Amino acid sequence: MELGLVGLGKMGGNMRERIRRAGHTVIGYDRNPDVADVHSLEELVAKLKGPRVVWVMVPAGAATQSTIDELAELLEPGDVVVDGGNSRWTDDEKHAVELGLKGIGFVDCGVSGGVWGLENGYALMYGGDAENVAKVQPVFDALKPAGEFGSVHAGKVGAGHFAKMVHNGIEYAMMQAYAEGWELLEKVDSVTDVREVFRSWQEGTVIRSWLLDLAVNALDDDEHLEGLRGFAADSGEGRWTVEAAIDNAVPLPAITASLFARFASRQEDSPQMKMIAALRNQFGGHAVESKK
C-alpha cells in the first residue's frame, strides 16, 4: 500500500525504512529537506492515491495540532490520519471529531521501540473504528515485531495513546527500581563488582528484562556511570499517567514516586531538605550544614 509519513526524525525515519522493507511505498515529509521525499504536505497528499493514509510522527501538542489542521484542508472523505506520536488521549478525541466533520477517519497509535525498532519491530497500541484501522492494518503489520504478538487494537479513539501512556508509566517505575538497586549495591563495601551482579540477573531471575539488558549495556560503556550527570527529564506521559490515576481514583504509588524522583534529579540543592534540616535543628538541636 501507499503511506504518507510526516516527521522523519529518529523514530519516523526508521519507521519509513522498515515499512519500505516490507514492500510498501512511503512518501515522507519533514521540515528538514535533507531527509524529506517531498517539500510540503500539499505535495505529499497530491502524490498519494485515494483513499489516502497519512501517518503523523511529530511532537505532541502544537506541532501535531497544526499538522492535523493542515491535513484536514488537504485530505478528502474516506482518507485516514494516524497520530503515531506521544499525544495525550484527550487530544485524540478532539482530533477525531474535527476530522470526522470532513469525513476523514482518525486512528491514534502508541509506538514503542525507540532506536531499536528498525530491526526488532515496534510494539503498537492503536485506537479507532474498525473500518479506519483496517485501512492502516498493512502498515501495522509491517511495523510490528515478528510473531503473533506485538500489536493490539486497544479500543476506541484514544485507547492507543492511553495504553502507551500507562506503558510509559510502568517503564518509569521499573527504571527507578533498577536505579535504586544499583545505587545501593554501589554504596556497600562488600559488593565489589556491581556490573557483574546486574549481568548475572539477566539469566534465570524473575527481574530479567530488556531494561535490565540495557542497564548492563550502559555499565559496560561506563562501569560506574561516572561520565553522566544524575539528571532525568520526563516526556509528559508519566505526568499524564498520574493525573489519570487521580481522575479515576486508582492508587499508583510506585509510578508516582518514580516521577517525583525525576523532579528531584533536576535540583542542585533541595529546598525541601533545607526545611527538614532546619526543623531537625529546631526540635532536636541536630547539626546543620551552612551553604558555602
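Side-chain atoms are counted along with the backbone in the values below, which use heavy atoms only and exclude waters and symmetry mates. Keep in mind that this is a model prediction, so the values were computed, not measured.
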**Request:** Scan for salt bridge (charged side-chain N to carboxylate O under 4.0 Å, His left out) pairs involving residues 95-115, sequence neighbours excluded, and state none if there are none.
**Result:** Glu73-Lys102, Lys94-Glu98
**Request:** For the residue pair Val97 and Glu93, establish whether any side-chain heavy-atom pair is separated by less than 4.5 Å.
**Result:** no
**Prompt:** Measuring from Asp234:CG to Phe260:CZ, what's the distance to the nearest 0.5 Å?
**Reply:** 11.0 Å
**Prompt:** Apart from Val45 itself, what residues make up its hydrophobic cluster when side-chain heavy atoms of I, L, V, M, F, W and Y under 4.5 Å apart count as a link, directly or indirectly?
**Reply:** Val6, Ile27, Tyr29, Val38, Leu41, Leu44, Leu48, Val54, Val56, Val58, Ile68, Leu71, Leu74, Leu75, Val81, Leu99, Ile104, Phe106, Val157
**Request:** Sequence neighbours left out, what passes side-chain hydrogen bond (donor to acceptor under 3.5 Å, both in side chains) with Glu196? Give chain and number order.
**Result:** Arg199
**Item:** Any Val197 side-chain heavy atom under 4.5 Å of Val191 side chain
**Value:** yes
**Message:** Rounded to the nearest 0.5 Å, what separates atom CZ in Arg195 from atom CG in Asp222?
**Reply:** 10.0 Å
**Request:** Could you tell me whether the side chain of Arg88 reaches within less than 4.5 Å of the side chain of Thr64, counting heavy atoms only?
**Result:** no
**Asked** Out of curiosity, Asp83 CG to Tyr126 OH, how far, rounded to the nearest 0.5 Å?
**Response** 16.0 Å
**Message:** What's the separation between atom CG in Leu212 and atom CD in Gln202, rounded to the nearest 0.5 Å?
**Reply:** 5.0 Å
**Hphob cluster co-occupancy, Ile207 + Val216, side-chain heavy atoms under 4.5 angstrom** = yes
**Request:** Tell me whether Val111 is reachable from Trp116 by hopping between hydrophobic residues (I, L, V, M, F, W, Y) whose side-chain heavy atoms are closer than 4.5 Å.
**Result:** no
**Asked** If Ile, Leu, Val, Met, Phe, Trp and Tyr residues are connected whenever their side-chain heavy atoms lie under 4.5 Å apart, and connections chain through other members, are Phe162 and Val250 in the same group?
**Response** yes
**Request:** Can you establish whether the number of heavy atoms outside Glu42 located under 6.0 Å from its atom CD is more than 12?
**Result:** no
**Message:** Treating Thr241 as the side-chain partner and Met165 as the backbone partner, does any N or O pair qualify as donor plus acceptor under 3.5 Å?
**Reply:** yes
**Prompt:** How far does CD1 of Ile255 sit from CD of Gln176, to the nearest 0.5 angstrom?
**Reply:** 12.0 Å
Could you list the donor-acceptor pairs under 3.5 angstrom formed between side-chain atoms of residues 167-175 and any protein atom two or more places apart in sequence or on another chain?
{"from": "Asn168", "atom 1": "OD1", "to": "Lys164", "atom 2": "NZ", "distance (Å)": "3.2"}
{"from": "Asn168", "atom 1": "ND2", "to": "Glu237", "atom 2": "OE1", "distance (Å)": "2.4"}
{"from": "Tyr172", "atom 1": "OH", "to": "Ser235", "atom 2": "N", "distance (Å)": "3.3"}

**Prompt:** Would Trp182 and Leu219 satisfy side-chain contact (heavy atoms from CB on, under 4.5 Å), going step by step from the backbone distance to the final call?
**Reply:** CA-CA 10 Å; Trp182 172 78; Leu219 296 175; 3.6 Å; yes
**Complete:** The reported gap from CZ in Phe198 to CG in Asp220 (rounded to nearest 0.5 angstrom) is 12.5 Å
**Prompt:** Are more than 12 heavy atoms from other residues, nucleotides or ligands located less than 6.0 Å from atom CZ of Phe149?
**Reply:** no
**Asked** Between the side chain of His161 and the main-chain N/O of Gly127, is any donor-acceptor distance below 3.5 Å?
**Response** no
**Complete:** side-chain contact (heavy atoms from CB on, under 4.5 Å) filter on Val206, not counting sequence neighbours, yields none
**Item:** Side-chain hydrophobic cluster, 4.5 Å single linkage: members besides Leu184
**Value:** none
**Message:** Within the 3.5 Å criterion, strictly below it, is a donor on Ser87 or Asp91 matched to an acceptor on the partner's side chain?
**Reply:** no
**Asked** Are any side-chain N or O atoms of Ser265 and backbone N or O atoms of Ala232, one a donor and one an acceptor, separated by less than 3.5 Å?
**Response** yes
**Message:** Could you walk me through whether Asp193 and Glu223 satisfy the side-chain contact (heavy atoms from CB on, under 4.5 Å) test, starting with their C-alpha distance in whole Å, then the side-chain angles of each, then the deciding distance to 0.1 Å, before giving a yes or no?
**Reply:** CA-CA 9 Å; Asp193 199 336; Glu223 183 174 357; 3.9 Å; yes
**Request:** Hydrophobic side-chain clustering at under 4.5 Å (ILVMFWY, transitive links): who's grouped with Val152? Put none if nobody.
**Result:** Met125
**Asked** Looking at Pro51 and Gly78, what are the two nearest heavy atoms and their distance?
**Response** CB-O, 3.5 Å
**Request:** If the plane angle is over 60° it's perpendicular, under 30° parallel, otherwise tilted; pick one for Phe140 and Trp55.
**Result:** perpendicular
**Message:** Other residues, nucleotides and ligands only: do more than 12 of their heavy atoms fall within 6.0 Å of CD on Glu183?
**Reply:** no
**Request:** Only counting residues at least two apart or in another chain, list the ones meeting side-chain hydrogen bond (donor to acceptor under 3.5 Å, both in side chains) with Glu119.
**Result:** Arg21
**Side-chain (Asp129) to main-chain (Glu131) donor-acceptor, under 3.5 angstrom** = no
**Message:** Checking the side chain of Arg20 only, and the main-chain atoms of Thr25 only, is there a donor and an acceptor separated by less than 3.5 Å?
**Reply:** no
**Asked** Are any of the side-chain nitrogens in Asp37 or Arg16 under 4.0 Å away from the carboxylate oxygens of its partner?
**Response** yes
**Residues in ring pair (Phe, Tyr, Trp, His ring centres under 6.0 Å) contact with Tyr178, at least two apart in sequence or another chain** = none
**Prompt:** Would a distance-only check, ignoring hydrogens and angles, find a side-chain to backbone donor-acceptor pair under 3.5 Å from His24 to Arg18?
**Reply:** no
**Request:** Establish whether Leu185 and Leu228 are linked, either directly or via other cluster members, by ILVMFWY side-chain heavy-atom contacts under 4.5 Å.
**Result:** yes
**Request:** Search all heavy atoms of Gly128 against all heavy atoms of Val133 and return the closest pair with its distance.
**Result:** O-CG2, 4.0 Å
**Request:** Tell me, yes or no, whether the heavy-atom count around Arg266 atom CZ, taken from other residues, nucleotides or ligands under 6.0 Å, exceeds 12.
**Result:** yes
**Pairs touching residues 245-260 that satisfy side-chain hydrogen bond (donor to acceptor under 3.5 Å, both in side chains), sequence neighbours left out** = none
**Request:** Evaluate the salt bridge (Lys or Arg N to Asp or Glu O under 4.0 Å) criterion for residues Arg280 and Glu289: first the C-alpha distance (whole Å), next the side-chain angles of each, then the deciding distance (0.1 Å), finally the verdict.
**Result:** CA-CA 12 Å; Arg280 292 181 75 249; Glu289 294 185 12; over 6 Å; no
**Asked** Distance-only, no hydrogens or angles: does the Arg239 side chain make a donor-acceptor pair with backbone N or O of Gly236 under 3.5 Å?
**Response** no
**Message:** With a 4.5 Å cut-off on side-chain heavy atoms, are Leu225 and Glu186 touching?
**Reply:** no
**ILVMFWY cluster, Leu124 and Val26 together (side-chain gap under 4.5 Å)** = yes
**Complete:** Residue set satisfying side-chain hydrogen bond (donor to acceptor under 3.5 Å, both in side chains) with Arg262, at least two apart, ordered chain then number -> none
**Request:** Determine whether Asn14 and Tyr122 make a side-chain contact, defined as any pair of heavy atoms from C-beta on separated by less than 4.5 Å.
**Result:** yes
**Complete:** Hits for salt bridge (Lys or Arg N to Asp or Glu O under 4.0 Å) against Arg52, two or more places apart or cross-chain, chain-then-number order -> Glu76, Asp79
